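To keep things clear, I will list the structure first and then write my remarks on it.
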Amino acid sequence: MLNQADSKLAVVERLIAQQEAIFVQRQPKSAELAARARGVLAGGVTSNWQITQPQPVWLSHGAGSKVYDVDGNEYVDLHGGYGAALAGHAHPAIVNAVRDQVAHGTHFAQPTRNAIAVATELARRFGLPQWRFANSGTEATMDAVHLMRSFTGRDLIIKVEGGYHGHHDSVQVSVMPDPEDAGPADKPAQVPSSSGIPAAITGLTLVATFNDLGSVARLLDEHKDQVAGMIVEPVMMNAGIIPPEPGFLRGLKDLLHDNGALLTFDEVKTGLTVGPGGVTAKEGVIPDIVCLAKSVGGGVSVAAIGGTRELMKYVADGGYEMVGTFNGNPLAMAAARAMLTEVATDEAYQRIERLRARAEAGITKAIAGNGLTAHVVTAGAKGCVVFADAPVRDYRGFLTTDDTFSNAHWLYQHNGGVFLPPWGKIEQWLISVQHDEADIDRLVRNFAAFAAAIHS
């Protein structure tokens with residue numbers, strides 16, 4: 001006889017089959033394009049993260065808080081391009097800035113005025129005095145790792161188990177390790193996250209546990225005077241949303257500095273989405289380096305690296321060569337200036353906070369009313385449903401959550417006209433500056449329908 005948990009799981013699996021059938025039926029043109037694409041695009045998509053079940057979703061356009069697929073279906077866009085679309089779609093300020101810049105040239109490989117305005121505003125928000133630009137989060141974190149190693153003259157770095165920092169070799173370690181490969185909880189293994197990562201490089205990246213200062217202290221003791229620094233998301237976002245426990249970030253900075261090592265905050269995902277100055281401003285802990293990308297460009301590809309005066313003087317003097325043909329290109333700088341000065345305003349954050357509270361309250365009510373084992377976690381404009389009874393404090397805790405429920409929830413939202421990131425167990429929704437109460441209410445209604453279907 002099935003116990004209650006097994007019975008619910010069986011119901012969820014039946015719901016997934018039903019919702020997948022609806023999904024395919026609604027999107028015949030997406031299926032058609034996917035079939036054509038397989039001949040010229042590897043896997044029929046432009047990134048492995050776009051390979052979704054039961055089929056990829058091909059989009060036509062976006063406007064305001066909505067996106068539209070090639071079949072004409074409208075969605076409230078809470079996917080947000082994995083956090084890039086904080087401005088929503090076709091925001092007038094971004095459109096005007098980009099249109100004006102395109103008419104005056106898109107690339108010179110020389111600095112333009114907007115770069116000063118963007119760096120000045122980032123310095124004000126994040127408390128680090130000097131900045132450089134890049135084109136993606138991967139480039140930003142790669143430069144941060146190189147800079148820490150170059151400045152200290154040390155080879156080893158520390159990262160968190162389950163943390164994602166882009167796809168360069170040094171951080172492609174212990175990103176989503178399977179439980180059987182992850183090693184003991186008190187000494188996580190250095191597991192390469194994909195093929196093509198040489199063991200010689202993997203060995204230079206030590207793995208600590210989020211929210212555990214002791215694990216970092218042990219690595220620093222075991223590798224005395226060999227660690228260049230640590231890179232960490234100050235709110236972990238590769239495993240749902242895991243906030244830092246009180247004192248963790250301050251303790252990290254003190255511990256690393258006591259050992260001659262540096263601290264980098266990867267705020268590629270949290271950046272402007274958690275608040276005007278990211279987690280850095282929210283927690284009041286300023287690291288040696290901050291990496292930004294995604295939402296900073298208002299949908300245009302851009303990244304930024306901020307550092308202490310001492311570190312950035314080292315860059316300026318040629319100690320570490322931070323270069324890139326498209327770094328600080330005029331199109332990206334125009335979009336970033338509009339984003340920082342006209343879009344991501346105090347008023348916008350107040351509005352997002354009201355919508356965040358509305359989403360959290362509505363979903364929490366549906367969870368309680370239907371006896372689901374789940375809870376909502378939010379961080380500014382970002383939020384997710386964690387299908388577990390207790391808060392998750394690190395990657396090992398995240399592994400205990402059930403992605404079957406997340407998959408069913410994603411399908412219910414999608415078929416109900418809300419586009420969420422397809423990896424429901426991992427990724428977060430994003431509330432943009434253009435969302436309104438009706439958009440949030442659709443999210444809540446879809447979740448309530450999903451919860452009621454399981455409960456029945």
Side-chain angles (χ1 to χ4, degrees), residues 81 83-88 91-144 147 264-281 286-309 311-313 315-316 322-349 381 432-433:
L86 184 65
H91 191 290
I94 305 296
V95 170
N96 290 337
V98 170
R99 181 188 288 132
D100 182 64
Q101 187 58 57
V102 165
H104 290 86
T106 58
H107 185 63
F108 310 123
Q110 290 295 120
T112 56
R113 287 174 192 266
N114 282 333
I116 299 173
V118 173
T120 300
E121 182 62 11
L122 291 177
R124 183 185 74 81
R125 291 179 181 231
F126 288 86
L128 287 167
Q130 294 203 313
W131 294 77
R132 280 286 182 89
F133 301 107
N135 304 287
S136 69
T138 289
E139 289 184 18
T141 60
M142 180 180 68
D143 268 324
L147 179 54
T264 293
F265 280 175
D266 174 357
E267 291 230 47
V268 168
K269 285 187 176 181
T270 53
L272 299 185
T273 63
V274 166
V279 185
T280 299
I286 300 175
D288 301 291
I289 302 169
V290 163
C291 299
L292 304 172
K294 294 193 187 296
S295 59
V296 173
V300 175
S301 181
V302 66
I305 306 102
T308 61
R309 202 165 294 281
L311 277 172
M312 298 312 258
K313 183 179 186 303
V315 171
M322 194 180 289
V323 298
T325 299
F326 280 87
N327 287 7
N329 75 84
L331 194 62
M333 293 296 94
R337 180 175 186 169
M339 183 68 194
L340 289 165
T341 61
E342 299 179 59
V343 180
T345 62
D346 289 343
E347 294 76 18
Y349 284 108
S432 81
V433 303

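Computed from heavy atoms alone, side chains included, the values below leave out hydrogens, waters and symmetry copies. Since the structure is predicted, the reported quantities are computational estimates derived from the model, not experimental observations.
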Among residues at least two apart in sequence or on other chains, which ones pass side-chain contact (heavy atoms from CB on, under 4.5 Å) with [X]?
{"X": "Thr308", "result": "Leu128, Asp288, Glu310, Leu311"}
{"X": "Met322", "result": "Arg132, Asp143, Leu147, Ile305, Val315, Tyr320"}
{"X": "Val98", "result": "Ile94, Val102, Val300, Leu331, Ala335"}
{"X": "Ala85", "result": "His89"}

Sequence neighbours excluded, which residues qualify as side-chain hydrogen bond (donor to acceptor under 3.5 Å, both in side chains) partners of [X]?
{"X": "Thr273", "result": "none"}
{"X": "Asn135", "result": "Glu139, Asn327"}
{"X": "Thr264", "result": "none"}
{"X": "Asn96", "result": "Arg99"}

Minimum heavy-atom distance Val433-Ala87, with the two atoms named: CG2-O, 3.7 Å
How would you list all residue pairs meeting side-chain hydrogen bond (donor to acceptor under 3.5 Å, both in side chains) that involve residues 120-130, not counting sequence neighbours? Glu121-Arg124, Glu121-Arg125
Applying salt bridge (Lys or Arg N to Asp or Glu O under 4.0 Å), which residue pairs with at least one partner in residues 330-347 are found, sequence neighbours left out? none
Quick one: which residue pairs count as a ring-ring contact (aromatic ring centres under 6.0 Å, His included) with a foot in residues 113-140, not counting sequence neighbours? none
To the nearest 0.5 Å, what is the distance between CG on Leu272 and OH on Tyr349? 4.5 Å
Rounded to the nearest 0.5 Å, what separation is found between the OG atom of Ser295 and the CG atom of Leu86? 5.5 Å
Could you please spell out the steps behind the side-chain contact (heavy atoms from CB on, under 4.5 Å) verdict for Met339 and Val118? CA-CA 9 Å; Met339 183 68 194; Val118 173; over 6 Å; no
Residues at least two apart in sequence or cross-chain that pass salt bridge (charged side-chain N to carboxylate O under 4.0 Å, His left out) with Arg113, listed by chain then number, are none
